[in-house]
Amino acid sequence: MSAAIVQLRELRCHFASGEGLLAAVDGVNLDIKAGEVLGLVGESGSGKSTMGRIIAGLQPRSAGDLIIGGQAMPRHYSRRQFKAMSTQVQMVFQDSYASLNPRMTILASLQEPLWSQGVTGAVARDKACYWLERVGLPQSAGERYPHELSGGQRQRIGIARAFIAEPKLVICDEPVSALDVSVQAQIINLLQELQTEHNTAMLFIAHDLAVVRFLATRTAVMYLGEIVELGPTPALFEGPRHPYTARLLAAHLDGNIKARKVIAANTGKAAGHKAPLATDSGCRFAPRCPMAEPACSANPPWLRPTKVDTEAACHRLADIEILKLRK
Ligand SMILES: Nc1ncnc2c1ncn2[C@@H]1O[C@H](COP(=O)(O)OP(=O)(O)O)[C@@H](O)[C@H]1O
Ligand code: SF4
Ligand SMILES: [Mg+2]
C-alpha cells in the first residue's frame with residue numbers, strides 16, 4: 001500500500017455566524033495516498049472547497065491535525081512554512097483567474113512557483129516554455145496577459161502552474177465547471193495525462209459524478225461537513241451503501257431529472273439550510289433520509305466497513321446490506 005501524502009485527523013473548520021458556530025468541515029478523517037486520484041463529491045455547501053483550501057494552506061482549520069508528507073502542519077503558516085508546504089501541495093481553482101496575477105505575463109506566472117523554490121534564470125524559463133507547450137499552448141502565449149487568453153487556455157496555465165514544481169499532490173476544485181462544455185473533456189484528459197505521467201496524487205473535487213467515476217481511484221462522499229461514504233470508485237458507484245450516496249447517484253447517473261430537482265431543492269443553500277451548527281448531534285442526513293428512525297438522531301454515525309470494501313457512516317448499515325443482498 002502506498003504511503004499517505006496527506007493525513008487528516010478529526011479535521012474541523014467552524015465559521016462564526018449569528019446562530020453560533022457553523023461546522024463547514026466537522027471531524028474529517030482521511031488519507032490521500034501517493035499517486036492516487038481521490039474524488040470528492042457532495043452537493044454545494046457540503047464543505048468540499050473548505051477542506052481543499054485547508055489542505056492547500058489557504059484556510060486555517062479550527063481543530064484537528066493536518067499532516068503532509070509525515071509532518072504536522074501548523075494552523076497558521078509563516079511565509080517560510082507556506083513555501084515549504086507548497087512544494088508538496090498545489091491547487092487548481094474553478095476560477096482560472098484566481099491563480100494568475102493579471103499584471104504578470106503568462107511566462108512569468110509559470111515561472112513563479114519555480115522562483116519561490118530558488119530555481120531562476122534560463123532553467124526556470126526553459127521549464128516554463130516546456131510546460132506552455134505541454135499543456136497545448138503556443139510559445140507566443142507566454143508573452144500575453146491572463147485577460148488575453150480564453151477560459152480554457154487560462155485553465156491550462158493554471159494546471160501547468162500547479163504541476164510545474166512537481167508537487168506530490170494537486171488539488172483540483174471544480175476545475176472545469178466554469179468552462180464551455182466543448183473544452184471540459186480536453187481539460188479533464190489533460191489532467192489525467194499529467195497525473196499519470198508524473199504519478200502525482202490528486203484530490204479531485206467535482207459535482208459531476210460521471211467525471212469523478214472516470215478519473216478517481218477512490219471516492220469520498222461529503223454531506224454537511226462530514227464524509228459519509230468512502231471507498232474504491234467502482235465499488236462505491238456500483239453498490240452505494242449510504243442512503244445519501246444512493247440518492248446522489250440516482251439523481252445524477254440515471255439522468256433522473258425529477259430526483260435532480262428534489263436534490264437541488266434540498267441542497268443546503270437552496271433549502272435555506274446552512275452548514276450545521278457545531279453543537280448539532282445525530283445523523284445530519286436524518287431529515288432527508290428514507291431509512292431514518294428515531295435512534296438516527298440520537299448519536300452521530302461513524303465510518304464502518306461495508307461488505308463491498310467501502311466504508312459508510314450510517315446506523316442502519318447492517319439493514320442496508322441485507323436489503324442489497326436480497327436484491
Ligand atoms: N469564509 C467563510 N465564512 C463563513 N462561512 C463559510 C466560509 N466559507 C465557507 N463557508 C460555509 O461553509 C459551508 C461549506 O462551504 P464550501 O466549503 O464552499 O462547500 P462546497 O465547496 O462543498 O460547496 C457553506 O455553508 C458555506 O456557506
Ligand atoms: S444513520 Fe439513519 S438517518 Fe442517517 S443515513 Fe443512516 S439510516 Fe439514514
Ligand atoms: Mg466548492
Side-chain angles (χ1 to χ4, degrees), residues 8 11-28 39-56 58-62 91-95 98 171-178 203-209 212 220-229 240-249 263-264 266-278 280-304 306 310-324:
L8 308 178
L11 191 81
R12 288 174 207 278
C13 184
H14 296 165
F15 294 110
S17 82
E19 300 152 74
L21 283 180
L22 294 183
V25 176
D26 208 17
V28 165
L40 181 59
V41 300
E43 60 204 30
S44 169
S46 53
K48 306 180 299 297
S49 293
T50 305
M51 198 168 104
R53 291 171 56 82
I54 293 172
I55 300 171
L58 303 172
Q59 168 78 50
R61 62 191 184 274
S62 310
M91 192 149 178
V92 176
F93 299 90
Q94 175 177 341
D95 173 7
I171 301 171
C172 300
D173 190 358
E174 308 266 7
V176 298
S177 308
L203 176 64
F204 190 87
I205 303 172
H207 65 262
D208 185 340
L209 297 183
V212 171
V221 181
M222 209 166 169
Y223 184 73
L224 294 184
E226 298 175 328
I227 292 192
V228 296
E229 191 155 3
R241 268 19 191 187
H242 197 282
Y244 175 64
T245 312
R247 185 184 283 201
L248 203 62
L249 293 182
I263 288 212
N266 279 313
T267 52
K269 282 167 191 162
H273 293 290
K274 294 211 180 85
L277 295 179
D280 289 353
S281 67
C283 174
R284 297 207 164 129
F285 191 54
R288 294 168 59 188
C289 181
M291 303 271 301
E293 47 183 35
C296 294
S297 302
N299 297 302
W302 63 94
L303 283 174
R304 282 177 296 161
T306 71
T310 55
E311 294 170 84
C314 171
H315 289 307
R316 300 200 59 194
L317 181 58
D319 298 335
I320 290 169
E321 301 254 50
I322 290 169
L323 286 174
K324 295 262 179 192

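Just so you know, ligand 1 is whichever comes first in the structure, and atom 1 is the first atom listed for that ligand.
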Give the numbers and elements of all ligand 2 atoms closer than 4.0 Å to a heavy atom of His242. 5 (S)
Measure the distances from the heavy atoms of Gly42 to every atom of ligand 1 and state whether one is below 4.0 angstrom. no
Would you please test Val25 and Arg12 for side-chain contact (heavy atoms from CB on, under 4.5 Å) and show each step? CA-CA 5 Å; Val25 176; Arg12 288 174 207 278; 5.8 Å; no
Under the 3.5 angstrom rule, does the side chain of Arg304 hit a backbone N or O of Cys314 as a donor-acceptor pair? yes
Do the side chain of Lys48 and the main chain of Val221 share a donor and acceptor less than 3.5 angstrom apart? no
The side chain to side chain contact (heavy atoms under 4.5 Å, CB included) partners of Glu321 (sequence neighbours excluded) come to Arg241, Thr306, Lys307, Leu317
Could you tell me how the ring of Trp302 sits relative to the ring of His315: parallel (under 30°), tilted (30 to 60°) or perpendicular (over 60°)? perpendicular
Within this structure, what is the CG-CG distance for the pair Leu58 and Asp173, rounded to the nearest 0.5 Å? 10.5 Å
Aromatic ring pairing Tyr244/Tyr223, orientation class (parallel under 30°, perpendicular over 60°, tilted between): tilted
Any sub-3.5 Å donor-acceptor pair from Ser62's side-chain atoms to His14's backbone N or O? yes
Sum of protein N, O or S atoms, each under 2.8 Å from atom 2 (Fe) of ligand 2: 1
Candidates Ser17, Ala23, Gly45; heavy atom nearest atom 24 (C) of ligand 1 found on Gly45
Identify the two heavy atoms, one from Gln59 and one from Cys13, that lie closest to each other, and give their separation to 0.1 Å. NE2-SG, 4.0 Å
A student checking ligand 1 against Ser46 at a 4.0 Å heavy-atom cut-off should list atoms 19 (O), 20 (P), 22 (O)
Tell me whether Gln59 has any N or O atom under 3.5 angstrom from an N or O of ligand 1. no
Are any of the N/O atoms on Gly47, whether in the backbone or the side chain, positioned under 3.5 angstrom from an N/O atom of ligand 1? yes
Atoms of ligand 1, numbered as shown, that sit under 4.0 Å from any heavy atom of Thr50: 9 (C), 15 (O), 16 (P), 17 (O)
